[in-house]
S.K.: 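First the structure, which I've put down as structure tokens, then a few questions once you've had a look.
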Amino acid sequence: MLIWHLFKSPSAFIDDPWGFARNQTGHALIVGFLPVFLLGAWAALPAICLYAIWEAAQWRLYGAAPSDGLEDLAYVTGGVLAALWWPVLIVLAVMLASGVQYRREMRG
């Protein structure tokens, strides 16, 4: 039921920098990196496409912000690419630090 709840309540974690960090780390590692690491390069495109469908459904059915979906998809894609070429982890780390800092600044 947890996945269904997450599907129905998309969040960009604007008020929660560390929740954002956990969320995006999960997108990158669990949804993006792990399938490609375990199944091989052939799983890269299906992982990205299936996740894009998931985000589109959240946008259409539950009013998710397109910016949140695009950000989530960027982390999934980054995870996929990191499984294929590890230096992409550096880019993901910079993206994550930027997102955390932005949310910290928003809190004041």
S.K.: Quick one: side-chain contact (heavy atoms from CB on, under 4.5 Å) partners of Trp59, sequence neighbours excluded?
M.R.: Pro66
S.K.: Kindly state each residue pair satisfying side chain to side chain donor-acceptor pair (under 3.5 Å) with at least one member in residues 85-94, sequence neighbours excluded.
M.R.: none
S.K.: Once side chain to side chain donor-acceptor pair (under 3.5 Å) is applied, what residue pairs with a partner in residues 36-52 remain, sequence neighbours excluded?
M.R.: His27-Tyr51, Tyr51-Glu55
S.K.: Please list all pairs meeting side chain to side chain donor-acceptor pair (under 3.5 Å) that have one or both residues in residues 65-75, counting only residues at least two apart or in different chains.
M.R.: Gln24-Asp72, Glu71-Arg103
S.K.: Ala43 and Pro35: which non-hydrogen atoms are nearest, and at how many Å?
M.R.: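 Shortest heavy-atom separation between Ala43 and Pro35 comes out as CB-O, 4.0 Å.
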S.K.: Is there a chain of hydrophobic side chains (I, L, V, M, F, W, Y, each step under 4.5 Å between heavy atoms) that links Leu34 to Val31?
M.R.: no
S.K.: Please identify each residue that fulfils side-chain contact (heavy atoms from CB on, under 4.5 Å) with Ala44, with sequence neighbours left out.
M.R.: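 Once residues adjacent in sequence are excluded, the partners of Ala44 under the side-chain contact (heavy atoms from CB on, under 4.5 Å) criterion are Val36, Val80, Leu84.
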S.K.: Supply the atom-to-atom distance Leu92 CG to Phe33 CZ, rounded to the nearest 0.5 angstrom.
M.R.: 10.5 Å
S.K.: Can you tell me how far apart CG (Leu45) and CG (Leu50) are? Round to the nearest 0.5 Å.
M.R.: 9.0 Å
S.K.: Shortest non-hydrogen contact from Ala21 to Thr25?
M.R.: O-OG1, 2.7 Å
S.K.: Is there a path of hydrophobic side-chain contacts, each under 4.5 Å between heavy atoms of I/L/V/M/F/W/Y residues, joining Val91 to Phe20?
M.R.: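 Yes, same cluster.
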S.K.: List in chain and number order the residues that pass side-chain contact (heavy atoms from CB on, under 4.5 Å) with Asp16, two or more places apart in sequence or in another chain; answer none if no residue qualifies.
M.R.: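 Expected list: Phe13, Trp18, Arg22.
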S.K.: Taking Trp54 as the starting point, is it possible to reach Val76 by hopping between hydrophobic residues whose side chains are less than 4.5 Å apart?
M.R.: yes
